[in-house]
Protein chains: 2
Amino acid sequence: MSRATLRDVAKLAGVSVATASKALNGQPQVRAETRERVVRAAEQLSFSPNTLAQGLITQRSGTVGLLTSDLEGRFSIPILMGAEDAFGSDQTSVFLCDARGDAIREKHHLRALLSRRVDGLIVVGARPDTRPSLGDLPVPVVYAYAPSDDPADLSLITDNVGGGRTAVDHLIRCGRRRIAHITGDPGYSAAQDRARGAVERLTEEGLELAGGEVWFGMWSEAWGRGATRMLLDRCPEVDAIFAGSDEIARGVLDVLHEERIDVPSRVAVIGFDNWSVLAVNSRPPLTTIDHNLEHLGRIAAQRLSAAMDGVTGSGVETFPVRLITRESTAPLR
Amino acid sequence: MSRATLRDVAKLAGVSVATASKALNGQPQVRAETRERVVRAAEQLSFSPNTLAQGLITQRSGTVGLLTSDLEGRFSIPILMGAEDAFGSDQTSVFLCDARGDAIREKHHLRALLSRRVDGLIVVGARPDTRPSLGDLPVPVVYAYAPSDDPADLSLITDNVGGGRTAVDHLIRCGRRRIAHITGDPGYSAAQDRARGAVERLTEEGLELAGGEVWFGMWSEAWGRGATRMLLDRCPEVDAIFAGSDEIARGVLDVLHEERIDVPSRVAVIGFDNWSVLAVNSRPPLTTIDHNLEHLGRIAAQRLSAAMDGVTGSGVETFPVRLITRESTAPLR
DNA sequence: CAGTGTTCCGAAAAGGTTTTCAAGAATGTG
DNA sequence: CACATTCTTGAAAACCTTTTCGGAACACTG
């Protein structure tokens, strides 16, 4: 299988390249019969236009770069899928580059992407803290998941405060009153924000955190286990635990199970992230908060398209997360 | 920040575009002093060559497509990283396309990639069973993880039989004699192969499977739990369990823990896949088999490079997996 | 029939780079 | 000094497509 050029198609159809081009691109100034002939010729040669040449002339490569630092692809992949959806895979293809948290590698990738003349860039951070701006680039950039530190950039993030509120709200609606919050590294804004949202919602209800404070620690099952043991010790009457991540929630469930404390009848547990391998397979399956990242990806693509057409935005836009109910939470009684 | 062209550089350096090109590409027929001037001009304008134009003329786009069906990116991401490493990120960028298991979407992506004039294609399956060949394409293709059904294609896969052998071998070296195997869907060649390797190694040792047979089921924690309960019922003297995946292993550990059966002192457990979120955080951390996928990705890139230079291969090549020992296995006593 | 408008097509330029080839400059040789 | 070599350089072609613009053919109108 070799590659036919437009000239081959034109020759076979007995027209000029110009006409062939117009025929295939649906330009009106070509007779229906001629167009038909050209289309047939193109099919016969299984012609597919050289996007490089197209890009050279239209000044649009039809590609975007997705620059990530998220080693596992846990966040980037859903964002990528959403973006692919929004762009339409035949219109735009995406270069996925993983900088692996290394600034030098990021610079490298950036250079490569720019020289590939990508039409735009989506930058996905590994964690939802602000990250350094890429600065002024010849193409539009959208920061997703992790916002840029430059307010002139456009950043799209998920609503961690709202997520915390939603989680606690759900527990309250389940009739829980003694709600504890075990979460990860306090150095992560995600941990702070989720905790803040949780406390806000509790306060509205005139409640306080069971255990008296937020249990900050690490983003690991082990911490979930350890914190839960301490919590049960200090506050055995707890009736709901909001875990700052699904990993932590797994640790929580583990210890509750070990202590023969039934979930959800005695203690309800809610996680965060909707990391399906953890949430779906747990015992019981985990109610959790989903970041709706495909949606974020779609929006990122739309914003990028708009920016390519000159409609540029800036600032941080926050998008709602959503509650996924499974069996680890239920109304009391 | 705008984009300077080679012409701008040439003008600034007071030479022709031809010379500028040669100077920047390290061609020998240009005076050192001239080259110096051109390089400085290029830096001053922060010139970066238009890869589209380069590709148009050199007939090499410097891109490859990674076509996957692996929704979570669990297998594709490491392969992508390996490939990126081997290509060198400044030489070659990769388009990641997820077909989401849909043949039509795959065709779509394929068209798009070909019209982008990718220099080669890496096809990653969602599971290690043979998959339909893409047929004859104008660019070289390497199938990774899931082999093509056409022996004329080149496929690189990981050694599941060897993995099964390695797992059981490790358990035997730990002094275990009553070894059971709980694994996933028997419709997966991965399940069959791993089981075969396990049984082979047992037979060499004159042993038989504890429980009398392979416990096929599903790739889930729930099945791991269920099978373990049945196993303990039927064969309480088991001293090691080889789980066909880390998910299953988590279920196994869960039930053993529940039954107060110590791991590894009474029963050793080994998983498969080295899916780090599951394996590292389990209690105890899980000994498992790693597919070495970055390595597979590197090899895929190398084979692709070779094929682009005309050195094409075919058939199925199998690559060794490796044992990752953590704390869920240990010598008896 | 002259003039006007429409419809359809093709020649050519453009986009940014690499590469070939010829010519000019510098150097060496006899 | 004439000639042959070796160095440097630049003009131009090529890659493949899109788009502009002018021209040809044709149908109407008055």
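Small disclaimer: the values here were computed from a predicted structure and weren't measured. Just the heavy atoms: all of them, side chains too, but no hydrogens, waters or symmetry mates, feed the values below. Letters A, B, ... mirror the listed sequences (proteins, then strands); counts begin at 1.
- Between the CZ atom of B/Arg7 and the C1' atom of C/dG15 there is a distance of 9 Å, rounded to whole Å.
- In summary, contact between chain A and DNA chain D, defined as any nucleotide atom under 4.0 Å from a heavy atom of the protein, begins and ends at D/dC16 to D/dT20 in the 5' to 3' direction.
- Computed from coordinates, the B/Ile57 CD1 to C/dA14 P distance equals 18 Å when rounded to whole Å.
- Taking a 4.0 Å limit (strictly below) on heavy-atom distances, residues 25-37 of chain A reaches DNA chain D at A/Asn25, A/Gln27.
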- Stepwise, does the side-chain hydrogen bond (donor to acceptor under 3.5 Å, both in side chains) test hold for B/His291 with B/Asn274? CA-CA 8 Å; B/His291 286 285; B/Asn274 195 25; over 6 Å; no
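- Counted by atom type alone, B/Thr130 and B/Asp149 present zero donor-acceptor pairs between their side chains at under 3.5 Å.
- Comment: B/Glu84 engages A/Arg100 in a salt bridge, judged by a side-chain N to carboxylate O separation of less than 4.0 angstrom.
- The backbone N or O of A/Tyr188 sits nowhere less than 3.5 Å from a side-chain atom of A/Asp129 that would complete a donor-acceptor pair.
- Residues B/Thr68 and B/Ser76 bring a donor and an acceptor atom of their side chains to less than 3.5 Å of each other.
- A straight line from CZ of A/Arg60 to P of C/dG16 spans 16 Å, rounded to a whole angstrom.
- The NZ-C1' distance, from B/Lys22 to C/dT19, rounds to 8 Å in whole Å.
- Ranking C/dG16, C/dT18, C/dA14 by closeness to the B/Thr5 side chain, first place goes to C/dG16.
- The phosphate of C/dG10 has OP1 or OP2 within less than 4.0 Å of a side-chain N or O from A/Ser16.
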Give the table of side-chain donor-acceptor pairs shorter than 3.5 Å for residues 304-317 of chain B, with sequence neighbours excluded, one pair per line with atom names and distance.
residue	atom	partner	partner atom	Å
B/Ser305	OG	B/Ala301	O	3.1
B/Asp309	OD1	B/Arg60	NH2	3.3
B/Glu317	OE1	B/Arg303	NH2	2.6
B/Glu317	OE2	B/Arg303	NE	3.3
B/Glu317	OE2	B/Arg303	NH2	3.3

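- For A/Ser133 and A/Asp153, the side-chain atoms include at least one donor-acceptor pair closer than 3.5 Å.
- Closest-nucleotide positions on DNA chain D for B/Thr19 and A/Ala53 were compared, and the one nearer the 5' end corresponds to B/Thr19.
- As rounded to whole Å, 11 Å separates atom P of C/dG16 from atom CG of B/Leu52.
- Looking only at atom types and distance, the side chain of A/Thr51 has a donor-acceptor partner in the side chain of B/Ser115 under 3.5 Å away.
- Closest contact between the side chain of B/Ser21 and the listed nucleotides C/dT18, C/dG16, C/dC9 involves C/dT18.
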- How far apart are the C-alpha atoms of B/Thr63 and B/Arg116, what are their side-chain angles, what is the distance that settles it, and do they pass the side-chain hydrogen bond (donor to acceptor under 3.5 Å, both in side chains) test? CA-CA 9 Å; B/Thr63 61; B/Arg116 294 236 131 75; over 6 Å; no
